[in-house]
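Read the structure below first, then the notes.
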Amino acid sequence: MSKNILFFFLFFYGIVSVFSQVKKDTIAIPEIILDAAPIKNSLQNVASSVSVISSADINKTDGIILTPILNTIPGVYMQQGNLNTNRITIRGIGARSQFGTNRVKAYFDGIPLSSGEGETVIEDIDVGSIEKIEIIKGPNSSSFGSGLGGVIHLFSRETPLLQSFGKATTTFGSYGLLQQRLSGGYSDANSNVYSSFSDLQSDGYRANSSYKRKSLNLHGKQKIAEKGNLSFIGIFTRLKAYIPSSLNEKDFVNNPEKAAPTWAAAQGYESYDKFLIGLGYDHQFSDKWSLKSSVFSNFKEGYETRPFDILADKIYSVGLRLNVNYKDRFFSLPFEISFGTEMAAEKYNYTLYRNLYLSQPGQGSLEGDRFSTIEQNRNYGNYFLQMEVWLLKNLHLETGIALNTTNYSLEDVFKPNSTTQNKTFTFGGIWSPRIGLSYKVGKGKNIYTSISKGFSVPSVAETLTPEGQINTDLKPEIGWNYELGFKGNWFGNQLYTELTFFSTQIENVLVAQRISDDQFVGINAGSSSHPGVEFLVNYKFFQSSKFQITPYFSGAINNFKFKDFVDRGNDYSGNQLTGVPDKQLNFGLDVNTKKGVSVSMSYRIIGKIPMNDSNTKYSAAYSLLDVKANYIFTILKVLRTELNAGVNNALDEKYAASVLPNAVGFGAAQPRYFYPGNPINYYGGFSITYIF
């Protein structure tokens with residue numbers, strides 16, 4: 001691994017040295033304005049670590065899933081067990097989640113994608129409908145509630161101003177991959193509409209991993225009068241995805257393409273229909289006062305067959321988000337203040353049936369008798385106040401505070417007289433303060449520091465005891481985050497660098513103890529320490545009238561550990577945090593020509609991952625090389641045509657794309673820690689765009 005790192009350092013150093021002597025001048029990089037925060041600010045001046053992924057970055061991949069995109073961001077790690085089995089962690093937070101993403105919140109055009117209990121699913125969002133992604137790392141925003149790890153903001157594509165178009169895209173690849181997308185849009189001085197339909201299918205590398213997803217997206221904005229804007233978003237998703245589940249070490253090494261035996265026998269899968277609808281209204285009352293508001297609703301109806309049971313569930317939520325901004329001067333100091341709220345009410349109903357797949361071998365799952373029906377009501381409210389002021393010409397202050405309230409209620413519909421009948425639980429009010437300072441030390445160069453407090457509430461499942469009672473002693477995870485960083489442009493904006501030192505100290509760490517195949521119990525087991533360093537270098541070192549070459553280098557090195565951590569009488573204090581690689585390094589090279597040919601190469605190095613709290617099992621470190629080539633040309637001046645081809649895992653690395661933390665083997669079965677990653681695989685595609 002060290003040889004690989006040395007090779008790429010020398011490789012990039014050599015290229016930079018040669019071409020930097022050829023051409024020094026370049027076009028200045030435009031200022032990046034962050035859209036997610038209630039108070040708009042530039043990336044350069046904001047006193048926190050925020051990463052921005054542009055549409056150009058998204059287009060460097062196959063466009064199927066966000067995994068290779070997010071994994072280029074320092075401190076962000078997305079594990080991909082399958083197209084529908086993923087876990088996103090930021091700075092190690094959320095790494096011990098069993099099967100999905102929590103402790104990280106996500107939004108699409110300001111509408112929450114996270115459930116009321118913190119579960120986040122973004123992998124079923126069509127990548128082709130995303131224009132930009134902003135990632136706030138750590139609890140560095142007081143306006144988005146529960147999300148100790150950070151917040152991921154997705155922004156929808158828009159139709160270019162004064163343009164109308166229709167576009168057809170096809171992508172095909174290894175393991176039966178086929179994606180077809182139709183999109184179109186219209187834009188004039190007052191209106192902007194974008195819509196797309198996507199049909200994605202894959203047989204998958206492993207047995208029992210077939211995947212089918214249809215997505216329909218509609219986004220629109222309409223100017224109302226002179227100072228008002230109305231917006232709309234609607235997303236429909238229909239999914240049926242089989243689940244190969246994880247493997248034990250023997251099968252992972254010798255037969256990684258197989259599915260877990262019980263999941264293969266049950267032909268386990270998940271399917272659902274999902275709707276997301278939002279309506280927003282923005283109004284500029286004056287030069288000082290402005291309003292941004294939205295109402296939203298989410299609906300999901302799902303059906304999942306597992307070896308241990310069959311789950312049928314429904315989830316419905318409604319909510320609103322609004323913030324009012326006021327901008328003025330205070331004793332000649334320019335400042336802006338924002339106050340607002342985000343509130344949502346969510347109803348979740350699930351029914352469990354016995355799975356009789358063993359009674360008909362080879363036929364898959366068979367629904368048996370119902371044995372449980374539970375209704376849950378989840379409500380949360382987040383009330384925030386944020387202020388930014390220029391104390392001096394070069395000194396910028398950010399401060400804010402938020403109050404969050406979360407409560408759950410449960411009702412056992414199947415057994416009306418059970419102990420879970422009409423049980424309620426609340427965590428009370430949780431305060432989250434934040435303060436940050438950014439100082440401009442020179443043109444295009446800022447140092448910043450911040451202190452912030454964040455939290456994550458337990459899921460409903462984590463609050464339940466084996467008897468179905470709510471554990472009223474369970475506490476939310478609380479974390480204090482400390483940051484010191486530098487952001488700088490050099491050589492006339494030719495070189496951009498970031499360097500961040502951070503330390504997050506978490507108390508009341510939540511542990512999911514597995515007590516059966518399908519049941520976990522949550523406990524607060526202690527505290528953990530998350531110190532680390534993140535860095536980024538983008539160098540546009542050669543640009544001529546014919547082509548441009550841009551290398552980049554980013555990474556994160558950490559020393560995440562349990563501080564005071566005791567679970568079931570075992571003291572793991574001082575051990576490495578489970579489920580987190582000790583380092584991530586990303587090397588990339590983009591070559592673009594004026595004739596429409598471009599090549600992107602990305603090389604990622606992921607360090608070893610402790611798979612259990614005792615640190616007796618580790619997944620091996622691995623590296624992945626991805627390459628993509630594009631050719632764009634125009635036919636008859638109105639048909640914009642794109643051809644592309646690429647290869648993922650070009651070195652055919654054998655690796656674990658995801659691990660199951662603290663896996664337990666019941667009976668004589670070995671624990672199943674490993675989700676094998678895809679071996680070398682290829683894809684290609686084309687698109688035709690007609691511009692009206």
Side-chain angles (χ1 to χ4, degrees), residues 5 8-9 12-13 16 26 28-37 41-54 56-57 60 69-77 89-92 132-141 149-153 394-396 398 436-452 481-504 530-541 550-558 583-590 602-605:
I5 298 174
F8 273 88
F9 264 124
F12 281 116
Y13 177 78
V16 170
T26 185
I29 300 174
E31 186 176 43
I32 298 175
I33 302 299
L34 302 177
D35 295 316
N41 204 341
S42 68
L43 177 65
Q44 187 74 40
N45 292 327
V46 70
S48 61
S49 180
V50 181
S51 294
V52 178
I53 300 172
S54 67
D57 298 323
K60 295 175 187 177
I69 302 168
L70 295 183
N71 283 342
T72 62
I73 302 302
V76 180
Y77 183 43
T89 63
I90 299 179
R91 295 177 173 176
K132 183 178 71 168
I133 304 173
E134 293 180 8
I135 303 175
I136 303 172
K137 289 181 276 189
N140 262 311
S141 178
V151 188
I152 300 174
H153 294 271
N394 293 334
L395 182 62
H396 182 251
E398 303 172 6
L437 286 169
S438 177
Y439 182 71
K440 188 179 295 185
V441 295
K443 185 178 179 181
K445 299 175 181 62
N446 290 59
I447 58 173
Y448 70 89
T449 185
S450 67
I451 301 174
S452 56
N481 183 68
Y482 309 89
E483 278 190 26
L484 176 65
F486 171 80
K487 304 172 186 178
N489 284 299
W490 309 83
F491 311 131
N493 292 340
Q494 192 173 347
L495 173 68
Y496 178 73
T497 60
E498 288 186 7
L499 180 64
T500 305
F501 299 93
F502 67 90
S503 177
T504 306
H530 299 240
V533 59
E534 299 164 352
F535 47 89
L536 168 68
V537 178
N538 286 333
Y539 192 16
K540 189 181 293 185
F541 66 87
T550 307
Y552 61 86
F553 172 48
S554 65
I557 300 173
N558 61 66
K583 64 175 175 291
Q584 295 171 257
L585 301 174
N586 304 285
F587 304 84
L589 182 66
D590 300 329
S602 172
Y603 185 76
R604 298 190 301 278
I605 299 173

Give, for atom [atom1] of [X] and atom [atom2] of [Y], the distance between the pair rounded to the nearest 0.5 Å.
X	Y	atom1	atom2	value
Ile451	Leu437	CD1	CG	9.5 Å
Ser51	Ile133	OG	CD1	11.0 Å
Ser554	Arg604	OG	CZ	10.5 Å
Lys540	Gln494	NZ	CD	9.0 Å
Ile32	Tyr496	CD1	OH	7.0 Å
Phe486	Ile447	CZ	CD1	8.5 Å

Over all atoms of both residues, closest heavy-atom pair of [X] and [Y]:
X	Y	value
Ala47	Thr449	CB-O, 4.2 Å
Glu498	Leu43	OE2-CD2, 4.2 Å
Tyr552	Asp590	CE2-OD2, 4.0 Å
Asp35	Lys132	OD2-NZ, 2.6 Å
Asn45	Lys440	OD1-CE, 4.1 Å
Gln44	Gly444	NE2-O, 3.0 Å

Is there side-chain contact between [X] and [Y], with heavy atoms separated by less than 4.5 Å?
X	Y	answer
Asn41	Leu34	no
Asn558	His530	no
Leu585	Phe587	yes
Tyr448	Val46	no
Leu70	Ile135	yes
Ser42	His396	no
Tyr77	Asn71	yes
Glu483	Thr500	yes

Mind checking whether Phe535 and Phe553 have ring centres under 6.0 Å apart?
-> yes

Distance-only polar pair, side chains of Ser438 and Asn446, donor-acceptor under 3.5 Å | yes

Between Lys137 and Glu534, is there a salt bridge with N-O shorter than 4.0 Å?
-> yes

Do the side chain of Lys445 and the main chain of Asn489 share a donor and acceptor less than 3.5 angstrom apart?
-> yes

Can any side-chain N or O of Gln584 pair as donor or acceptor with the backbone N or O of Val76 at less than 3.5 Å?
-> yes

Would you please name every residue forming a side-chain contact (heavy atoms from CB on, under 4.5 Å) with Asp57, sequence neighbours left out?
-> Ile53, Ser54, Lys60

